[in-house]
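Single-structure report; data block below.
For the numbers below, each heavy atom of this structure counts, side chains included, while hydrogens, waters and symmetry mates do not.
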Amino acid sequence: MKTLRARNLRRPALLLLASAVLSSGALLLNACTSARADVASDTPGHRAAAPLAGAEWPLTGGDTAGTWFSALSDINETNAGDLGYAWSYDMGTERGQEATPLVIDGVMYTSGIWGNVYALDAATGKLLWQYDPQVDGQWGRNACCDVVNRGVAYRDGTVFVASEDGRLHAIDAKTGQARWIADTIVNHKQPYASTGAVVLTKDSVVIGNAGADIGDGDLRGYISAWDIKTGAFKWRFFTVPPAPGQPFEHPELERAAKSWGPNRDGRTQNGGTVWDGLSYDPETDQIVFGTGNASPYLRSADGKRHDDLFNASIIAVNAQSGRMNWYYQTTPGDEWDYDAVQKFVFANLDLGGQPRRVVMQACKNGFFYTLDLKTGKLLSADPFTYVNWAKGVDLATGRPMVTQQADYSKSPKNVYPSWAGGHTWNPMSFSPQTGLVYIPAIDAGNVLLNMKANGGSLTHLEGFFSSDGIFPDDLYDPAALKRTLGPLPAKDELQKERPGVKLVREVLRAWDPVARKVVWERVTSQGVRGYDGGVLSTAGNLVFQGRGDGSLWIYNARTGAPIKTIHTGSHIMAAPMTYKIAGVQYVAVQAGYGGSGITFPIPPSSAAYGNRNANRILVFKLGGGAVPMPDKREPLPYPAPPPLKASPALIARGEDKFTENCSRCHVLGTPGVTPDLSRLPREVHGLFNDIVLKGALAPLGMARFDDVVTKADVEAIHAYLIDQQARGYRAQQSAKKASH
């Protein structure tokens with residue numbers, strides 16, 4: 001969902017997918033994976049569900065179970081304080097990094113924005129090759145949350161990646177040349193995008209997509225499987241039914257259609273995209289994945305919530321046929337953007353004295369779910385962060401017990417978790433050694449409102465339909481939002497629900513999935529969203545997590561005691577990984593602010609606020625030195641604005657149209673990921689209509705928008721931006737005079 005803050009409204013939704021490696025029906029445990037190192041468990045009954053990563057890191061999550069755990073222990077609790085800089089690689093962009101690299105046969109493979117792929121010498125950082133998928137910049141508007149990418153997959157000398165335009169690329173791992181390319185998008189007139197990592201089964205590459213928050217609910221989610229050797233299409237599983245009266249592509253959709261309201265609007269396509277959470281279990285030969293929200297959020301014509309299958313659900317399908325084995329819906333009738341696409345972890349746990357092979361997820365809706373991996377039976381569901389939209393989950397029915405606080409249809413409500421989720425795409429980690437799951441939790445609510453009912457000038461937001469969700473953070477200003485959004489509750493009223501606790505904060509929590517409780521926690525940021533990173537745990541009794549302020553923290557895995565903090569100067573959102581070459585263990589992480597953060601000003605707490613948002617791969621080793629800092633960010637001056645003869649009414653209309661259509665990518669007056677449109681040079685002002693209506697800058701990622709805004713709308717937006725530039729320029733000139 002999205003947030004409006006002092007003349008700027010933004011929105012995230014999020015994306016990603018896990019990855020797995022198999023060969024000839026068996027786990028590939030040869031040169032392209034690491035030999036398993038057994039790790040003793042301190043907690044009886046906690047066991048890994050797959051061979052663990054060791055000297056190599058062959059899959060996005062380290063192993064097919066998606067643990068983000070390594071059996072390496074050369075770096076451990078006794079010597080981690082000596083960890084320092086080994087090498088880095090500048091990825092040449094400032095848009096945001098969310099991938100975890102792979103390391104196989106001494107080569108690091110990873111992806112960056114648009115689906116660019118990099119191959120580096122993992123010991124030195126030397127670039128071996130780079131692959132550019134040649135994505136048309138027009139596709140940039142389809143990504144709700146930046147043109148990020150969450151990783152590659154590898155099998156038998158081939159690297160696989162999904163580019164932002166939904167094409168699937170198979171790349172020769174030695175040469176960097178494409179072996180085959182498949183277009184996986186069913187309808188190019190709909191706003192599909194792909195930003196997640198693909199997953200490999202025995203003989204297929206499986207890909208999902210995003211886009212359920214764009215437009216007015218203009219697409220349907222699905223996953224599709226493609227032959228791993230040739231790229232030939234194999235099967236497709238749609239997550240929601242087609243429009244009423246249209247044929248069902250597979251029988252599961254007939255069941256799903258019965259769960260939707262009788263007045264379902266056939267003009268919308270229902271959403272349910274699979275932008276993250278793809279995983280594969282070789283033992284059961286099934287793909288487990290989560291699905292996203294329905295679109296639009298508030299959509300029921302009869303005033304009732306309906307389950308809307310298979311939105312906000314966990315689904316398992318047979319990897320060979322694509323037919324469903326089981327499903328569990330985490331949030332029936334979702335109206336809060338509670339996608340169920342967060343990454344999964346497979347494990348073997350003793351639950352109630354009975355050994356279980358389970359799938360675990362810290363879901364966006366704030367509940368930690370444990371299900372039987374073979375049957376989908378719900379075994380437990382407990383809040384791992386503060387939750388007020390539901391008072392719990394009925395284990396007999398599997399349904400959440402929804403509260404009145406969750407109903408924002410008639411008046412704004414502060415709902416926990418926010419649309420950002422109690423946990424989002426940033427990977428959690430499971431240690432079979434400690435038996436704990438380490439969750440990068442978001443402990444934040446949002447003031448949700450129905451814009452059509454709240455009396456503001458805005459009734460629609462691109463990327464958020466007719467709803468909005470505003471963080472009550474340190475910058476929350478209801479008065480500044482009243483004209484556009486209508487009346488909102490005062491912050492002191494919201495604070496009464498949680499006295500003494502910051503209403504927006506992020507917390508690293510160590511969760512015991514058997515005892516179903518938090519064992520330890522560390523607050524990582526508070527006051528505003530920190531956009532802190534994913535997690536790695538290791539057999540060295542260590543937990544690694546990067547933060548938005550540019551620091552990499554190392555904790556004792558059992559106690560949470562901090563061991564080491566490394567200052568990098570770069571915002572870290574992705575999860576670290578570790579590997580070993582020539583007897584040296586390394587820890588690596590990709591750094592760079594972006595993703596859902598593209599919709600907000602860069603927070604002052606972020607390293608990217610004061611430093612250049614250099615997207616880098618950072619690598620550390622014992623005995624390493626200090627990390628070289630990025631260049632300082634120099635504030636851009638306001639150029640003298642062009643003459644403006646516009647009425648206050650036209651400028652106000654321009655603000656509304658900018659907020660509705662532009663603010664999910666552009667912020668004004670403060671550092672952001674994309675250009676500040678209140679500081680445009682004179683020559684760009686002269687091209688403004690051609691840029692917005694004709695796509696003059698589409699090759700650079702600024703797509704044309706003539707299908708959603710008119711020439712009159714663009715003139716109003718331009719007037720608003722010139723007015724903002726004039727205000728900034730006058731303040732700048734006054735400050736110069738005062739300084740003299």
Any donor-acceptor N/O pair, [X] side chain to [Y] backbone, under 3.5 Å:
X: W235; Y: W226; result: no
X: T385; Y: A441; result: no
X: Y338; Y: C363; result: no

Polar contact flag, side-chain donor to acceptor under 3.5 angstrom, [X]-[Y]:
X: N318; Y: Q286; result: no
X: T524; Y: Q545; result: no
X: N149; Y: T195; result: no
X: T291; Y: N311; result: no

Contacts of K374 that satisfy salt bridge (charged side-chain N to carboxylate O under 4.0 Å, His left out) - sequence neighbours left out: none
Criterion side-chain hydrogen bond (donor to acceptor under 3.5 Å, both in side chains) against N541, the qualifying member of T434, N556, N76, T559: N556
Centroid-centroid under 6.0 Å between Y328 and Y369 rings: yes
Using the ring of each side chain (for Trp, its six-membered ring), is [X] parallel, tilted or perpendicular to [Y], with breaks at 30° and 60°?
X: W180; Y: F160; result: tilted
X: W389; Y: W336; result: tilted
X: W553; Y: Y555; result: parallel

Sequence-distant partners of R516, side chain to side chain contact (heavy atoms under 4.5 Å, CB included), two or more places apart: S380, D382, L395, W511
Candidate pair Q433 and S431, rule side chain to side chain donor-acceptor pair (under 3.5 Å), full reasoning: CA-CA 5 Å; Q433 186 177 62; S431 168; 4.7 Å; no
Listed partners of Y579 passing ring-ring contact (aromatic ring centres under 6.0 Å, His included), at least two apart: Y586
Pairing of D156 and K229 as salt bridge, 4.0 angstrom limit: no
